Protein chains: 2
Amino acid sequence: MTVSRALNAPGKVTPETLARVRTAVDALGYVPNAMASGLRMARARMVAALLPTLVGPVFQELVESLAESLKRSGYQLMIGQAGYDAAQEEELIKTIIQRRPDGIVLVGLVSSPGARNALLASRIPVVETWDFTDHPIDMLVGFSHGAIGASVAQFLHDRGHRHVAIITANDARAQARTAAFMERSKALGAQSAQCFLTTAPSTVGAGRKGLATLLQTAPEITGVFCSSDSLALGALIEAQHQGRRVPQQLAIVGLGDQSFAQDAQPALTTVRLDGTRIGALAAELMIARAEGRPVAEPVVDVGFHMVVRDST
Amino acid sequence: MTVSRALNAPGKVTPETLARVRTAVDALGYVPNAMASGLRMARARMVAALLPTLVGPVFQELVESLAESLKRSGYQLMIGQAGYDAAQEEELIKTIIQRRPDGIVLVGLVSSPGARNALLASRIPVVETWDFTDHPIDMLVGFSHGAIGASVAQFLHDRGHRHVAIITANDARAQARTAAFMERSKALGAQSAQCFLTTAPSTVGAGRKGLATLLQTAPEITGVFCSSDSLALGALIEAQHQGRRVPQQLAIVGLGDQSFAQDAQPALTTVRLDGTRIGALAAELMIARAEGRPVAEPVVDVGFHMVVRDST
DNA sequence: TTGTACGCGTTATCAC
DNA sequence: GTGATAACGCGTACAA
């Protein structure tokens, strides 16, 4: 007990005792056991995050910012990769709940009812991110993918493009962007809104292949929305390879504003998503909830904005 | 006790009891507490990994493969970001040891003696990765950065380049590559081996800026080793921007064989590092050690190999 | 200021 | 096949 006090509240023991404890700690190589502490206190001082993938630059800002903010408040971050598969997600969530983290940050909305129920039953604070809904499990920091698709369609139309297309993956969020993009284009009277779904992950190679296929089936297009910057870079390379000048003959819009977007030649027009802000806000909500403070605004739409550069 | 058996060894209870337990579990929403279990068993069923950074594509294959392999054996992965700073690393290692993970995977060698001692005293299995030394703390799966620098210098020399340069970051591993590259170039009688250290992280932008600076101070160079594929892509873009033809007037070699390397135009010559293999091997060693099985080969050099494409 | 008793939730062990 | 007991290491509550 005296050791526990000496380490956690040094002011509550005499300097002499403190010194004796410290000497013994050093001599024995004593390290407090966080599992025992967590069990006793019913607080793990740890927050779990669940991502679809760690591969690809998309969520890196978010994770880095989340980890940094949590560390500053004395929480560790535990990361799980769920893939884009609902069954795997559910299993991983249940494993995570067993560890009794002080909070769970999810990248994306929870799809399966099983996972949703497990989270609700656990009474652990949850922040969903990187998407938007009016009915989150608990808290939410994100943006609307449908709004992005519509905005880009509007942007291309405003620039005079009447034959547009989208190159995209086919996960749920990508589908929301695609549907909104197609719908807005149609509403604006764009002559054609080709849609090409790559099955591969969002790589530069997929972008090249995507644009190549697109230019064969619909050579009349003058504007393309690529639903990640990697895809956009691939499309840019393929366009240059085929002798189509960007932006004169083909306008390209990316998504994510990865650091390379501004260094491409021409620099990529893209949609900026503020992963750093999302991570910091998610951490803030999480910590407030974990420490019993009230959360003023548990649902935050951080939005997005277009960054217009030279590829359009 | 019967519940514990029903959940962990269903064969040891009667089907009837099992059914009663399962009903109660569902009705009450019971979820086993992994902290209590870990405390009692002295096994957390968790492995911690420490990375310099999650940003950038460099370690993604490794982490993904590590997480996947561990999950298959029933271990969770906890990730910590240490930055490239020794003090921060030491602090993080001590925090991690408090959680009593079954193993610790380090990306990079441990530099500070304090961290080294803490790890040794903890008696937790440790795998260092992504580098090589003959005296690891415990186990090691990696490759020699010096050997990479020398190999690339040799490769460029064999291709007839007599004025070569390196564009690189300046962390410890980058310095090892740079020193070996310079030394081998000199030994081979290359007329000049310019060295340019970017202070920024290894981004496409840094690669562009690096090459631009280099071409001003040493326009005679015909071969450049960029110590990441992102830098190489930046150099490629800058070369094309300045009208230098690649590979005819300037040969570019990258490092990492990221997926975009093969999709650049021209496709990038690079050095392949098998992150997936390193992750899988590290997990294998870790699990064997954690479960008390002997580890035949605790120090593995997985090497690397040049992937020659069109940029040289 | 320091020390004692107890309980957090789990599982190894032994008795029934 | 099932249940009782104890112990993992910590911190709260209270006694000295």
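Source: prediction; values computed, not measured. We name chains A, B, ... by the order of the sequence lines, and we start the count at 1 in each one.
- A donor-acceptor pair under 3.5 Å is absent between the side-chain atoms of B:S73 and the main chain of B:Y75, judged by distance alone.
- A:K12 has its NZ atom 12 Å from the P atom of D:dG11, to the nearest Å.
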**Message:** Run the side-chain contact (heavy atoms from CB on, under 4.5 Å) test on A:I104 and A:M286 for me, step by step, so that the C-alpha distance in whole Å, both residues' side-chain angles and the decisive distance to 0.1 Å come before the verdict.
**Reply:** CA-CA 8 Å; A:I104 300 179; A:M286 192 93 274; 5.9 Å; no
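- Between A:R20 and A:E16, none of the side-chain N atoms (NZ, or NE/NH1/NH2) sits under 4.0 Å from a carboxylate O, so this pair counts as no salt bridge.
- Counting only distance, with no hydrogens or angles, the side chain of A:H145 and the backbone of A:A172 share no donor-acceptor pair below 3.5 Å.
- Remark: C1' of D:dT2 and CZ of B:R20 are 10 Å apart, rounded to the nearest angstrom.
- The side chain of A:T14 places an N or O atom within less than 4.0 Å of a non-bridging phosphate oxygen (OP1 or OP2) of C:dT2.
- Distance alone, capped at 3.5 Å, is enough to place a donor-acceptor pair between the B:D102 side chain and the B:A44 backbone.
- At distances below 3.5 Å, not a single donor-acceptor pair connects side-chain atoms of A:S230 with backbone N or O atoms of A:T203.
- At least one side-chain nitrogen or oxygen of B:T2 sits closer than 4.0 Å to the OP1 or OP2 atom of D:dG3.
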**Fill in**
Protein heavy-atom contacts under 4.0 Å, written 5' to 3' over nucleotides 9-16 of chain C as B (base), S (sugar-phosphate only) or - (none), form the string BBBB----
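- The interatomic distance linking B:R45 (CZ) with D:dC8 (C1') rounds to 18 Å, in whole Å.
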